Visitor: 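Quick one: this structure, given as structure tokens, is what I'll be asking you about.
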Amino acid sequence: MSLREIFTYPNPVLRKKAEPVTEFGEELQQLVKDMAQTMYDAPGIGLAAPQIGVSKQVVVMDNTDKDEENQLMVLINPEILSGEGSLTDKEGCLSVIDFEAKVKRFSHISVRAQDMEGKTNEFEADEWFARVIQHEVDHLNGVLFIDRISSLKRALYKKKRKKQLQKEALEAA
Ligand code: NI
């Protein structure tokens, strides 16, 4: 297992549509292990493969509370089959540093995804759980939560990020 670098906005890998997984072998298992380790280390509640620079349709999540035992969920080639209702709540992202904003999402979704063995499962998700899945599936389509907020808020974030990057560049020089 190894800890992987998390790529951040505006890295172009975050904008690429991820490729479907077709081989369910050792390589996939290794990728999932690295993603899980990277997510728990961050810490985050979800991570999509493009966030570590791997353009594949793989998501890891852990929706349990801090005081509960970890329960890793792995979604391969996930698809949102349908959605209904709407909820607006704050979101953040490991690839969008130091920023949170309210995002409107379906409150209930039906999902189809494969597991690590390639077996297809269908299930329903509500509220926060549904939100995390929608956020992660967006990553696989090259979409970030800042694409789903007002253009004014997005402009503010872009300005803030630009300043951060300039500061980093100066410090590195
Ligand atoms: Ni994210």
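Whatever order the structure lists them in is the order used to number ligands and atoms, beginning at 1. Residue numbers start at 1 and run along the sequence shown. A quick note: this is a predicted structure, and the numbers were derived from the prediction, not measured.
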Visitor: Provide the closest heavy-atom pair for Pro78 versus Ala113 in the form atom of the first, atom of the second, distance.
Guide: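 Scanning both residues, the minimum pair turns out to be CA-CB, 3.9 Å.
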Visitor: So which heavy atom on Pro50 is nearest to which on Val13, and how close?
Guide: O-CG1, 3.5 Å
Visitor: Does Gln57 use its side chain to pair, donor to acceptor, with the backbone of Ala18 at less than 3.5 Å?
Guide: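 Yes: the side chain of Gln57 pairs with the backbone of Ala18.
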Visitor: With the Ni ion (ligand 1) as the centre, enumerate protein N/O/S atoms below 2.8 Å in chain and residue order.
Guide: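 Hits for the Ni ion (ligand 1) below 2.8 Å: Cys93 SG, His135 NE2, His139 NE2.
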Visitor: Should the pair Arg105-Glu91 be classified as a salt bridge under the 4.0 Å nitrogen-to-oxygen rule?
Guide: yes
Visitor: Output yes when a side-chain donor or acceptor of Asp62 lies under 3.5 Å from a complementary backbone atom of Gln71, and no otherwise.
Guide: yes
Visitor: Out of Thr88, Asp89, Leu87, Asp126, which residue meets the side-chain contact (heavy atoms from CB on, under 4.5 Å) rule with Ser107?
Guide: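 Exactly one option meets the side-chain contact (heavy atoms from CB on, under 4.5 Å) with Ser107, and it is Leu87.
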